[in-house]
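If you read the sequence from its start, that first residue is 1, and numbering goes on from there. Keep in mind that what you see is a predicted model, and the values were worked out from it rather than measured.
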Amino acid sequence: MNRTQLKRSSILRMALSGSEAVNQDEHEESFILRAVRIAVVVALYWFVSITMVFLNNYLLDNRELDAPLFVTFYQCVVTVVLCWLMQLFAKLCPGVIDFPSVRFDVKTSREVLPLSVVFIGMITFNNLCLKYVGVAFYTIGRSLSTVFNVLLSFIILKQTTSLQALICCGIILGGFWLGVDQEGLAGSLSWSGVFFGVLASAFVSLNAIYTKKVMPAVDGSIWKLSFYNNINACILFLPLILVFGEVRNIASFSGLTNLHFWGMMTLGGVFGFAIGYVTGLQIKFTSPLTHNVSGTAKACAQTVIAVVYNSSSKSLLWWTSNMMVLGGSSAYTWVKSREMQKSAHRGPQDSAKEKLLPGEKENPGV
C-alpha cells in the first residue's frame, strides 16, 4: 500500500514538474515573441520616420522647383486617396485590414476646420524649416515644441508646470541657442530656417491642443481626423499656392512630365501617411513614454546619418547642443510621466477621502 502511494506521489511530482517546465517554456517563448515584435515595430518606425525626413529634404531642395506649398499640397492629396483606399480594402478584407469607414460630411469638415488651419501651418513651416536648414540641423531647428507645449498649455488651458519640467525646458532652450550660435560660427546658419523652425514648433504644440478639442467630432478616430484634416488642407492650400506665386514656378518646371519626379512626390505622400500608422503601432506595442524615448533616439541617429552622409565636420559644442536638446526632451518626458503616475495613484485616494469626509469642502478651516 505504501509502495503504491510512493509511486503515485512520484508520478504526480513528475507531472507537476513537467507542467511547470512547459509553462516556463511558453512564458519564455511569449516573452521572446513579444520582444521581437516590439523590436520590429520600433525599427519600422525609425525606418519610416528617417526616410520621410530625407525624402522631404530631397523634394524641397529641388533647385528647379521652388514650390514648397505645392509639394505639401500634393502629399495631402495622396493621404486623402490612401485613406479612401484603406477603408475600401477594410470592407473587402474585414479580418485583415482594420480601418474606419470614412465618408465626407460638410458639418464634420466645418468642425475640424480650426484644426486644419493649424495643421496647414504646422506641416508648411515644418517643410520650410527642413528646406532651409537641412536634416543635420533639423532636430535643433524644431526643438522648441516642448517649450511651446508648456507655454501654450498655461495660456490656453491654464495648466501649470512643475519646477522640474521647467528646468528641462531651460536645458532645451540652452541647447537651441548653443546650436544656433555654433551653426552661425560655422557659416551655415539660415535665419529663415530658424524662424520657420520656431513657428513649426509653436504650431506642433497648437496642433496637439486643438486635436484634443476636435476629437469628439470624429468619434475619437485618428484616421477620420486625418481624412478630414487633409481634405480641408487640400482646399485651403489652393489659394495659398496662387497668392505666393507658385503656379508660375510649377508651370516653368521642366520635370512636370518626368515620371521619376511624380514617383518621388507620391512616395513622399505615402511615407507621410505611413508615419501616422507606425506611430500608433509603436505606442500600441510599447507605451507613450517609450514612444517619446524612441523618437528622441531616432532624432539622434537621424542627425548622425545626415552629418556622415553630407561629410560635414561639426564642433564639440555643436554636438553638445544636440545632446542638450535631446537630453532635455527625454528628461521632460520622464518627469511628466512620473507626475501622471503620481496623480493617477493620488486620484482614487482623494475620491475616497471625499466620500468619507464630505464636510471638508464645506468647512475648509478644519
Side-chain angles (χ1 to χ4, degrees), residues 40-41 43-90 92-93 96-97 99 102 119-120 122-136 138 142 193 196 200 223 226-227 229-238 240-242 244-281 298 301-302 305-306 308-310:
V40 169
V41 167
L44 184 64
Y45 168 77
W46 278 42
F47 170 74
V48 171
S49 183
I50 292 174
T51 305
M52 184 187 72
V53 171
F54 276 92
L55 188 56
N56 279 341
N57 184 62
Y58 167 79
L59 291 169
L60 294 163
D61 201 34
N62 194 327
R63 304 295 181 192
E64 294 183 32
L65 179 64
D66 184 20
L69 292 176
F70 171 71
V71 172
T72 313
F73 159 77
Y74 185 80
Q75 290 179 347
C76 290
V77 172
V78 172
T79 300
V80 171
V81 172
L82 286 173
C83 282
W84 185 82
L85 287 174
M86 285 296 287
Q87 64 102 24
L88 183 65
F89 291 145
L92 295 173
C93 313
V96 180
I97 299 172
F99 201 87
V102 287
F119 174 72
I120 283 178
M122 180 184 73
I123 57 177
T124 301
F125 292 130
N126 193 60
N127 280 347
L128 286 171
C129 172
L130 185 59
K131 176 181 172 67
Y132 287 104
V133 303
V135 179
Y138 181 63
R142 267 195 68 255
F196 289 130
W223 289 117
S226 178
F227 177 73
N229 230 352
N230 282 278
I231 283 181
N232 288 345
C234 290
I235 297 167
L236 293 171
F237 263 125
L238 292 174
L240 291 175
I241 291 170
L242 288 169
F244 285 94
E246 289 194 1
V247 174
R248 184 171 59 254
N249 296 339
I250 297 166
S252 61
F253 178 52
S254 60
L256 278 179
T257 57
N258 191 329
L259 290 177
H260 175 73
F261 167 74
W262 289 109
M264 296 299 283
M265 286 276 283
T266 304
L267 193 61
V270 170
F271 272 93
F273 174 83
I275 191 64
Y277 179 76
V278 295
T279 297
L281 208 61
K298 187 273 306 180
Q302 183 176 282
I305 292 169
V308 172
Y309 178 77
N310 295 319

Check: Under 3.5 Å, side chain of T124 to main-chain N/O of I120, donor-acceptor pair present?
Finding: yes

With V53 as partner, the option from V135, I275, I305, N126 fulfilling side-chain contact (heavy atoms from CB on, under 4.5 Å) is V135

d(N62 CG, M265 CE) to nearest 0.5 Å is 9.5 Å

Nearest heavy-atom approach of A200 to M122 is CB-O, 4.5 Å

Closest non-hydrogen atoms of G193 and C129, given as atom of the first, atom of the second and distance, are O-SG, 3.7 Å

When you measure from the side chain of T51 to the backbone of V48, do you find a donor-acceptor pair of N or O atoms at a distance under 3.5 Å? no

Residues 46-83 vs ring pair (Phe, Tyr, Trp, His ring centres under 6.0 Å), sequence neighbours excluded, gives Y74-W262

- Query: Does D61 use its side chain to pair, donor to acceptor, with the backbone of N57 at less than 3.5 Å?
  - Reply: no

Closest heavy-atom pair, D66 versus E246, reported as atoms and distance to 0.1 Å, is O-CG, 4.3 Å

>> Using a 6.0 Å cut-off, check whether atom CG of L92 has over 12 heavy atoms from anything other than its own residue.
In response: yes

Heavy-atom nearest pair, L256 first then I250, reads CD1-O, 3.1 Å

- Message: Quick check on F261: does its CZ atom have over 12 non-hydrogen neighbours (other residues, nucleotides or ligands) under 6.0 Å away?
- Response: yes

Taking every heavy atom of C83 against every heavy atom of W223, the minimum-distance pair comes out as SG-O, 4.4 Å

